[in-house]
Chemist: 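Sharing a structure, written as structure tokens. Questions coming.
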Amino acid sequence: MKLTVDGRETDLPAVWWHSEQKIVQLIDQTKLPFQCSIHSCKTYLDVVDAIKTMKIRGAPSIGAAAAYGLAQAINEFWGKDDYLSNIQSAYDQLLSSRPTAVDLKNGLDYVREIWTDSAKEAIVYAQKFASRISMQGKKIGEVGKSLIKENMNILTHCHTGALALVDYGSAIAPLIASWKEGVRFHVYVDETRPRMQGRLTSWELRQYGVNHTVICDSASGHLMATGKVDLVILGADRVTRNGDVANKIGTHNLAVIAKYYSIPFYSAFPDTTFDINSESGADIRIEKRDPQEIYEVRGISTISKEQTSIQAYQDNTHCYNPAFDVTPAELLTGYITPHGILSKQQLIQKYMN
Ligand code: RUB
């Protein structure tokens, strides 16, 4: 993706391996959209921290970060006593850094295949995993653009762009691909409390000049009821064998309202987001994040333009912060995958064979 870092225009993925310095680097998503900076992870423990604190976020991007983190640990412990127990501990810590997105486990397991063979190959494997994801993002864009028509109003939730999918994006990819071909439409961007990933969506759409308007999450029902939304596209953090979709908290509400008003509702994701081991959404562990994320609102000061946070509630107010919800398969119109726009039956056939 095109970015300006420290005043210089550059083209970077969301996360990568810096081969000379032997470190994992990533775009720090907690500083965006106000500041674009690179965060360096010197050890796998820094990768664990970057995932937990959401410096890197979005299901496929955290999968790639975890793959790089494990490859980094393999290189750190290679040839040392207790190699296997150290590597297993690194795997476990990376795996538990965020529980809902299955991409994380898929990334770790991909690198695990090589962990007793070659430290050098482990890096190559992590790179392959990451580049496969970004190529799938490109494909999702090509596949999904057939849904985007001139003058449409499209609603999206959370952030599903290049930052979330190493490059290109999932749900945003069809929007950018259509826009580049001259199709003109408008996007409603859910703010997505409490982490406000809508800021990242807005930032990414601005790079391409895509018409968009940010709304509070609670405005979406009103917009759908008054005919202002033609299509809903969003991402996924885990898709189960029966087609249920875990995604950012608030997705389920949108799906119910979209169904009520017969508005097409699609989830876009790469192969790494499909969980062959989970029967249904009931098997998914929903991450509960720190209530502080609700209690405290982060942004930049309107005066100093420095990063700051304000307390939004009285001391000791009880807040509850589940990060994801599950949308049952019957509420989805279809799934935008690198293999085409699939119905529930086609999805099951594709991924279960
Ligand atoms: C991310 C989130 C995104 C999906 C997008 O949550 O819910 O919608 O990860 O994934 P968080 P994909 O910001 O808490 O990481 O790109 O596979 O559709």
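Heavy-atom basis, side chains included; hydrogens, waters and symmetry copies ignored. Whatever order the structure lists ligands and atoms in, that order sets their numbers, starting from 1.
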Chemist: So, regarding Ala164 and ligand 1 (criterion: nitrogen or oxygen to nitrogen or oxygen, under 3.5 Å), is there a contact or not?
Modeler: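 Among all N and O atoms of Ala164, none is under 3.5 Å from an N or O of ligand 1.
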Chemist: Counting each atom of ligand 1 from 1 as listed, which ones have a heavy atom of Gln197 under 4.0 Å away?
Modeler: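 Within the 4.0 Å cut-off of Gln197, ligand 1 contributes 11 (P), 13 (O), 14 (O).
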Chemist: Would you say the side chains of Gln197 and Thr201 form a donor-acceptor pair under 3.5 Å?
Modeler: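 Their side chains do not contain a donor-acceptor pair, so the 3.5 Å distance test is not met.
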Chemist: Can you list the atoms of ligand 1 that are under 4.0 Å from a heavy atom of Thr273?
Modeler: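 Counting atoms of ligand 1 from 1, those under 4.0 Å from Thr273 are 17 (O).
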Chemist: Quick one about Asp290 and Tyr295 (side-chain donor to acceptor, distance below 3.5 Å, no hydrogens or angles considered), yes or no?
Modeler: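 Side-chain D/A pair, Tyr295 to Asp290: absent.
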Chemist: Check whether any N or O atom of Asn247, backbone or side chain, sits under 3.5 Å from an N or O atom of ligand 1, and answer yes or no.
Modeler: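 Yes; at least one N/O pair falls below 3.5 Å.
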Chemist: Who passes side chain to side chain contact (heavy atoms under 4.5 Å, CB included) against Val5, sequence neighbours left out?
Modeler: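 For Val5, the residues satisfying side chain to side chain contact (heavy atoms under 4.5 Å, CB included) (neighbours in sequence not counted) are Leu3, Thr10, Leu12, Cys36, Ile38.
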Chemist: For ligand 1, which atoms sit closer than 4.0 Å to a heavy atom of Ala59?
Modeler: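 Matching atoms, with element in brackets: 9 (O).
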Chemist: Hey, looking at atom 11 (P) of ligand 1, which of Gln29, Arg195, Arg98 has the closest heavy atom?
Modeler: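 Nearest heavy atom to atom 11 (P) of ligand 1 lies in Arg98.
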Chemist: Report yes if the distance between the aromatic ring centroids of Tyr125 and Tyr110 is under 6.0 Å, otherwise no.
Modeler: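 So the answer is yes for these two rings.
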Chemist: Using a 4.0 Å cut-off to any heavy atom of Met54, which atoms of ligand 1 qualify?
Modeler: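 What qualifies from ligand 1 is 11 (P), 13 (O), 14 (O).
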Chemist: Mark up the atoms of ligand 1 that fall under 4.0 Å of a heavy atom belonging to Phe324, in ascending order.
Modeler: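 Listed by number with element: 6 (O), 7 (O), 14 (O).
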Chemist: Do Cys158 and ligand 1 have an N or O pair less than 3.5 Å apart?
Modeler: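 There is no such contact.
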Chemist: What I want to check is whether the side chains of Ser343 and Gln346 have a donor and an acceptor closer together than 3.5 Å.
Modeler: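 The answer is yes; a qualifying pair exists.
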Chemist: Are any of the N/O atoms in Gly58 less than 3.5 Å from those in ligand 1?
Modeler: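 N/O-N/O distance under 3.5 Å: yes.
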